[in-house]
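Only one structure is covered here, and it is reproduced in the block below.
Below, chain A is the first sequence line, B the second, and so on; all start at residue 1.
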There are 2 protein chains.
Amino acid sequence: MTTLLAHPERDEIRIASVLQALADPVRLQIVRALAEHEEGISCGVLPLGVTASTLTHHLRTLREAGVVRVRPQGTSRISSLRRDDLDALFPGLLDGVLAAKR
Amino acid sequence: MTTLLAHPERDEIRIASVLQALADPVRLQIVRALAEHEEGISCGVLPLGVTASTLTHHLRTLREAGVVRVRPQGTSRISSLRRDDLDALFPGLLDGVLAAKR
DNA sequence: GCCGTAGTACGATCCCTGTCGAACCACCAC
DNA sequence: GTGGTGGTTCGACAGGGATCGTACTACGGC
């Protein structure tokens, strides 16, 4: 629908944008949740305490920063972590973030 | 002078604050510079293109997040990365950030 | 075709923060 | 003491972004 889900290529991912994307509590929660679901999930089900339109905003931020990959599936959208790309570009970063005890 | 340089203890350092602190181009530059000077440096000498008062602001942000340790020395202030603490809490995070080719 | 559900788009609001300039403080050398 | 240099504080300002509500679109089931 509408915007056809632009994702940056691996070599277009900038560390500043990634950090910016991770520097929000809600998005951190999303990333943590995605880390536990390799196959990806529909983020609408997460208990984030935020409206749908706000969630859309956060997912776009994560997607445009290159943190998350989103693929449409029926009436839903499945989001998954771009682990491979992030690990290749910034080895350890994601693990470090996820290692933090909540 | 004035505020006596409060630093969070290791167990008070929060991942959200650290990411927030790293999510600024100027502060990223500072962190990168500090990474190359284990012994610490006076940040006033860095070519950051920002006024002194802005620099003070950024250093406070980094210090209060637990990213940087600052010790007064004469008329200067020496800043250094809290590598040990960050590596202990979020192993890989700092290395991942620094691995990014500018 | 119709409806419900999942998600997006847009506009408005509000707060946070990065920035600066100006005034000030602290230390050191003389 | 005097002055200079390195930093801080304070207030002001502007831009960004997190949030929401409302209106809208798309897909799937009946």
**Message:** As a test of understanding, state which of A:Arg82, A:His58, A:Arg77, A:His7 forms a side chain to side chain contact (heavy atoms under 4.5 Å, CB included) with A:Arg63.
**Reply:** A:His7
When all nucleic acid strands are considered with a 4.0 Å heavy-atom cut-off, which category describes [X]: base, sugar-phosphate, or nothing?
X: A:His57; answer: base
X: A:Ser76; answer: sugar-phosphate
X: B:Ser53; answer: base

**Prompt:** How do A:Gly49 and A:Gly74 order along DNA chain D: which one's closest nucleotide is nearer the 5' end?
**Reply:** A:Gly49
Just N and O in the side chain of [X]: are any of them under 4.0 Å from OP1 or OP2 of [N]?
X: A:Arg77; N: D:dA26; value: no
X: B:Thr54; N: C:dC20; value: yes
X: B:Arg60; N: D:dT9; value: yes
X: A:Thr75; N: D:dA26; value: no

Can you tell me how far [atom2] of [N] sits from [atom1] of [X], to the nearest Å?
X: A:Leu55; N: D:dC20; atom1: CG; atom2: C1'; result: 13 Å
X: B:Arg71; N: D:dG7; atom1: CZ; atom2: P; result: 13 Å
X: A:Leu59; N: C:dA9; atom1: CG; atom2: P; result: 12 Å
X: B:Gln73; N: C:dA26; atom1: CD; atom2: C1'; result: 15 Å
X: B:Leu48; N: C:dC20; atom1: CG; atom2: C1'; result: 15 Å
X: A:Leu5; N: C:dT8; atom1: CG; atom2: P; result: 8 Å

**Asked** Taking atom types as they are modelled, is there a donor-acceptor pair under 3.5 Å from the base of C:dG7 to the side chain of A:Ser42?
**Response** no
So do [Y] and [X] actually touch side chain to side chain, heavy atoms under 4.5 Å?
X: A:Arg27; Y: A:Thr61; value: yes
X: B:Cys43; Y: B:Leu55; value: yes
X: B:Phe90; Y: A:Val97; value: no

**Distance in Å, A:His57 NE2 paired with A:Asp24 CG, rounded so as to fall on 0.5 Å steps** = 7.5 Å
**Item:** Stretch residues 12-31 of chain A: residues that reach within less than 4.0 Å of DNA chain C through a heavy atom
**Value:** none
**Message:** Could you check whether B:Arg83 pairs with B:Asp95 (Lys NZ or Arg NE/NH1/NH2 to Asp/Glu carboxylate O, under 4.0 Å)?
**Reply:** yes
**Prompt:** If you draw a 6.0 Å radius around CD in A:Glu38, do more than 12 non-hydrogen atoms from other residues or ligands fall strictly inside?
**Reply:** no
